[in-house]
> 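One structure follows; several queries about it will come next.
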Number of protein chains: 2
Amino acid sequence: MWLSGPVNKSGVEMSQATARRVRQAAIELFATRGFHGTGIRDLAEAAGLSSATLYHYMGTKEELLVSIMRASLDRLVTAACQVTADVPDPIGRVTNLVALHVYTHAEQQLETRVVDGEIRALSPEHRPRIIALRDEYEACWQSAIDDGCDRGLLRPSSRGVARLALLEMCSGIARWYSPTGPFTLDELAERYVEMALGLLGATGPVPAPDLAPVRELVAANWSD
Amino acid sequence: MWLSGPVNKSGVEMSQATARRVRQAAIELFATRGFHGTGIRDLAEAAGLSSATLYHYMGTKEELLVSIMRASLDRLVTAACQVTADVPDPIGRVTNLVALHVYTHAEQQLETRVVDGEIRALSPEHRPRIIALRDEYEACWQSAIDDGCDRGLLRPSSRGVARLALLEMCSGIARWYSPTGPFTLDELAERYVEMALGLLGATGPVPAPDLAPVRELVAANWSD
DNA sequence: CTGAGTCTATCGATCGATCGATCGAGAGGA
DNA sequence: TCCTCTCGATCGATCGATCGATAGACTCAG
């Protein structure tokens with residue numbers, strides 16, 4: 001077997017379409033009602049299956065949550081590396097990270113709400129590995145901020161606090177964004193970049209950023 | 001009866017000390033495990049009571065959540081009015097609001113995490129009234145921001161987006177603040193004010209803010 | 001081509017545990 | 001005798017998870 005689809009706990013191949021329906025139903029319900037507020041039967045109904053069949057496509061309910069989080073964070077960390085890899089200018093790196101964060105948290109707002117808000121539902125067994133992924137992502141931000149400070153381009157009164165404030169600000173998008181709102185997502189991303197650089201005390205005039213490459217990367221990697 | 005203590009659903013007076021222990025236990029558990037992740041028996045154990053006795057001090061579990069949220073938001077709205085009432089300078093109003101938010105979200109981080117994160121657990125019957133309180137608080141922020149923009153002192157590219165970003169940034173404090181961290185709360189408040197004004201595009205030199213009155217107001221009103 | 005065997009996908013029924021909530025009873029002070 | 005406070009016992013409902021069974025598609029030896 002040279003190409004493997006999704007597998008359950010036994011390593012058996014499964015219908016990808018149904019497996020994806022289960023994942024999507026879980027993301028929607030976990031995001032709107034919370035992990036503990038979502039029952040197995042709610043999940044089954046939303047996926048159009050019986051609760052027994054559900055277990056053909058997943059391990060435990062918590063393993064389903066973990067796999068959703070891991071997939072989401074993996075994609076995010078990879079993308080964060082990509083949008084900062086070949087950008088020597090630290091302000092350009094911050095700009096790309098903000099744009100990436102805004103685009104993903106708006107377009108995948110249900111998924112990101114689960115990742116950001118349900119970590120506390122994880123058991124001590126699974127939590128550290130998810131936290132580690134999140135830390136890896138945040139380290140990418142910190143590195144860009146630190147570099148900008150060292151070169152005198154950014155002047156926050158505290159680098160660490162600035163990172164935390166910045167991330168919370170950008171993650172908020174997932175809690176209120178609506179595609180029918182008064183601003184397009186591109187406009188929102190631009191405004192967030194502007195606010196972020198103001199927050200970081202960027203010195204001097206900042207060139208108008210080109211967010212198109214980031215947007216295209218998001219469109220390519222989150223096209224499910 | 002000229003002075004009434006806490007009352008349960010029947011309007012009967014109760015021991016204030018025990019009632020407060022129940023509330024505190026609920027705040028701690030709701031904040032760390034979430035509303036749906038907290039069982040009635042967990043609550044009873046944390047409060048040092050049987051699950052039956054618990055119902056002597058509360059209505060339903062959801063009514064307990066609602067009363068926690070309402071009390072917290074009432075206090076916050078009142079304080080927001082107080083710290084902006086006699087301040088003609090819009091930048092001073094924003095400064096005070098940021099400081100108030102930071103102080104309360106750090107010192108009462110469990111309570112504010114419940115208020116900010118468990119609104120989705122409310123039934124359609126209770127949700128609108130809590131949302132209305134939150135909107136009232138946010139309107140206070142928006143008014144200060146708008147005023148600052150109208151006078152040319154603030155230049156965010158969008159007033160509404162700036163309000164949302166600002167509030168999310170400040171609320172984040174409740175998710176990571178620790179009294180044993182490298183910064184005192186006063187230092188954090190100062191840094192947040194600075195970041196907030198940068199985010200809002202404050203023009204010209206901003207005078208060093210005096211946060212002591214806000215801190216004292218918080219100490220006075222949240223002294224339980 | 002056929003028939004037995006294998007594997008995937010599905011479900012109704014049901015497990016023991018826990019859920020939120022209530023009951024009646026009792027203890028103790030006013 | 002009331003009233004406040006407390007609890008063990010228990011209610012029906014729902015929880016997450018598993019069971020055995022079944023239908024259908026595919027595999028492969030005869």
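In what follows, chains are A, B, ... by sequence order, proteins preceding strands, each numbered from 1. This one's a predicted model, so the numbers in the text were calculated from it and none came from an experiment.
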> Looking at A/Tyr55, I'd like to know whether one of its side-chain N or O atoms comes within less than 4.0 Å of OP1 or OP2 on C/dT10.
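No, A/Tyr55 has no side-chain N/O under 4.0 Å of OP1/OP2 on C/dT10.
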
> Nearest whole angstrom, please: distance from the P of C/dA9 to the NE2 of A/His56.
4 Å

> Hey, what are the protein-to-nucleotides 12-19 of chain C N/O distances that come in under 3.5 Å?
none

> Applying side-chain contact (heavy atoms from CB on, under 4.5 Å), name anything that partners A/Glu190, two or more places apart in sequence or on another chain.
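So A/Glu190 forms a side-chain contact (heavy atoms from CB on, under 4.5 Å) with A/Leu211.
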
> Please say whether more than 12 non-hydrogen atoms of neighbouring residues, nucleotides or ligands are located less than 6.0 Å from CD in B/Glu138.
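It does: B/Glu138 CD has more than 12 such atoms within range.
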
> If every non-hydrogen atom of A/Arg23 is compared with every non-hydrogen atom of A/Ser67, which pair is closest and at what distance?
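What the structure gives for the nearest pair is NH1-OG, 2.9 Å.
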
> How close or far is atom C1' of D/dC5 from atom CZ of B/Arg21, stated in whole angstroms?
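Nearest whole value for this atom pair: 12 Å.
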
> Heavy-atom count check: over 12 atoms from other residues, nucleotides or ligands less than 6.0 Å from A/Arg129 CZ?
no

> Please confirm whether the backbone N or O of A/Thr38 pairs with a side-chain atom of A/Arg33, one donor and one acceptor, at under 3.5 Å?
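Not confirmed, A/Arg33 side chain does not pair with A/Thr38 backbone.
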
> Rounded to whole angstrom units, what separation is found between the CD atom of A/Gln16 and the C1' atom of C/dA9?
15 Å

> Specify the closest pair of heavy atoms between A/Glu118 and A/Leu65, including all atoms of both residues, with the distance to one decimal.
O-CD2, 4.1 Å

> In terms of side-chain heavy atoms, does A/Gln108 have a donor or acceptor partner in A/Ser72 at a distance below 3.5 Å?
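Short answer, no.
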
> Using C1' atoms of five pairs at each end, report the bend of the helix from C/dC1-D/dG30 to C/dA30-D/dT1 rounded to 10 degrees.
20°

> Return the value, rounded to whole Å, for the distance between atom CG of B/Leu49 and atom P of D/dT6.
6 Å

> Which atom names give the shortest non-hydrogen contact between A/Met69 and A/Val114, and what distance separates them?
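Scanning both residues, the minimum pair turns out to be CE-O, 3.4 Å.
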
